[in-house]
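Contents: one structure, followed by commentary.
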Amino acid sequence: MESAAAGVGLGAGEDVSSTTLFSWWSHAVSRRYQHLLDRCTPYIFYRWAACFFITFIYVLRVYLIEGFYVVSYGLGIYILNLLIGFLSPQVDPEILDLDQGPALPVRESDEFRPFVRRLPEFKFWYSITKAFCIAFVMTFFSAFDVPVFWPILLFYWVVLFTLTMRRQIAHMIKYKYVPFSFGKQRYDGKAAAPSDTKSLLKD
């Protein structure tokens with residue numbers, strides 16, 4: 001009985017140690033992965049070049065095997081959803097409380113505020129790249145290859161993309177914002193110079 005109890009205790013100790021070791025290993029891998037993501041953040045061109053390369057590999061595979069059109073359709077819907085978040089402001093003017101004031105400048109005299117996206121560029125890139133990688137892995141499993149007439153899916157996606165982008169462009173025109181910021185505006189202050197000079201002479 002004592003030997004059996006000792007054996008049970010030893011097994012439990014091995015389970016605890018293996019669980020601790022796996023937890024430490026997964027934490028180390030997660031930290032290393034996050035460190036690599038942080039290091040590649042400033043390299044926008046290379047990040048998007050890698051994303052387009054992965055996209056090309058996925059498109060080429062789907063074209064060669066002539067299947068997995070449902071996976072591609074779902075991927076297209078997901079990317080469209082990401083694109084809307086990338087082009088939308090962080091605070092939607094339509095649902096903004098009037099007591100808080102406008103989130104975007106609506107007059108030339110308003111203070112300049114750079115455009116803040118609902119979905120930042122890095123998360124936009126990371127989500128698209130991860131989605132293509134997952135979709136590429138799914139093409140190796142025949143369970144996801146649902147037979148479907150792909151021109152209908154393509155037509156649905158084009159119609160959905162057109163309607164969604166037309167609504168987004170109308171929203172941009174209505175609230176007068178551009179989803180791209182090219183740095184901070186500079187003011188020369190020429191209009192304010194004469195009044196300042198007169199006030200100094202009066203004093």
Check against side-chain contact (heavy atoms from CB on, under 4.5 Å), Phe149 and Tyr69: CA-CA 8 Å; Phe149 188 57; Tyr69 299 119; over 6 Å; no
Test side-chain contact (heavy atoms from CB on, under 4.5 Å) applied to Leu83 and Phe124, step by step: CA-CA 8 Å; Leu83 181 62; Phe124 180 58; 4.2 Å; yes
Let's go through Ile57 and Phe53 carefully: what are the C-alpha distance in whole Å and the side-chain angles of both, what is the deciding distance for side-chain contact (heavy atoms from CB on, under 4.5 Å) to 0.1 Å, and is it a yes or a no? CA-CA 6 Å; Ile57 294 298; Phe53 178 75; 4.0 Å; yes
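By the side chain to side chain donor-acceptor pair (under 3.5 Å) test, Ser72 pairs with Tyr58, sequence neighbours left out. Scored by the side chain to side chain contact (heavy atoms under 4.5 Å, CB included) test, Val159 finds Phe155, Leu163 as partners (sequence neighbours excluded).
Contact annotation: the side chain of Phe122 approaches that of Leu37 to within less than 4.5 Å [non-hydrogen atoms, C-beta and beyond]. Using a 4.5 Å heavy-atom threshold, the side chains of Cys51 and Trp48 count as touching. Annotation: side chain of Leu82 is not in contact with side chain of Phe86 (no heavy-atom distance under 4.5 Å). Between Val29 and Trp25 there is a side-chain heavy-atom pair separated by less than 4.5 Å. Two residues are said to be in side-chain contact when any heavy atoms from C-beta on lie closer than 4.5 Å; Ile77 and Asn81 fail this criterion. Taking the side chain as every heavy atom from C-beta outward, Arg47 and Glu121 approach each other to under 4.5 Å.
Follow the hydrophobic side-chain contacts under 4.5 Å out from Tyr156 and you reach Ile84 in the same cluster. The same ILVMFWY cluster, assembled from side-chain heavy atoms under 4.5 Å apart, contains both Leu64 and Leu154. Hydrophobic clustering of Ile, Leu, Val, Met, Phe, Trp and Tyr side chains at less than 4.5 Å, counting indirect connections, keeps Ile173 apart from Met165. Side-chain heavy atoms closer than 4.5 Å link hydrophobic residues (I, L, V, M, F, W, Y) into clusters, and following such links, possibly through other members, connects Met138 to Val148.
Considering CZ of Arg167 and CE of Met172, their distance stands at 14.5 Å, rounded to 0.5 Å. Taking CG of Leu75 as the reference point, atom CZ of Phe136 lies at 13.0 Å (rounded to 0.5 Å). From Leu119, atom CG reaches atom OG of Ser127 across 6.0 Å, with rounding to the nearest 0.5 Å.
Side-chain N or O atoms of Thr41 include one that pairs as donor or acceptor with a backbone N or O of Asp38 at under 3.5 Å. Between the side chain of Asp145 and the backbone N or O of Phe68 there is at least one donor-acceptor pair closer than 3.5 Å. Between the side chain of Trp157 and the backbone N or O of Gly76, at least one donor-acceptor pair lies under 3.5 Å. Although no hydrogens or angles enter the test, the distance criterion places no donor-acceptor pair under 3.5 Å between the side chain of Arg117 and the main chain of Ser88. In this structure, the side chain of Ser23 does not engage the main chain of Thr19 through any donor-acceptor pair within 3.5 Å. Looking only at distances, no side-chain donor or acceptor of Arg118 sits under 3.5 Å from a matching main-chain atom of Gly85. A donor-acceptor pair is defined here as one N or O able to donate and one able to accept, closer than 3.5 Å; no such pair exists between the side chain of Thr164 and the backbone of Phe161.
When all heavy atoms of Leu87 and Gln168 are compared, the closest pair comes out as O-NE2, 3.3 Å. The shortest non-hydrogen separation linking Phe132 to Ile54 is CB-CG2, 3.9 Å. Considering every non-hydrogen atom in both Trp125 and Cys40, the closest pair reads CH2-SG, 4.3 Å.
A salt bridge does not link Glu66 with Arg61: none of the charged nitrogens is closer than 4.0 Å to a carboxylate oxygen.
Within 6.0 Å of atom CZ in Phe141, 12 or fewer heavy atoms from other residues, nucleotides or ligands are found, so the atom counts as exposed in its surroundings.
Chaining together hydrophobic side chains whose heavy atoms lie under 4.5 Å apart places Tyr46 alongside Tyr43, Phe45.
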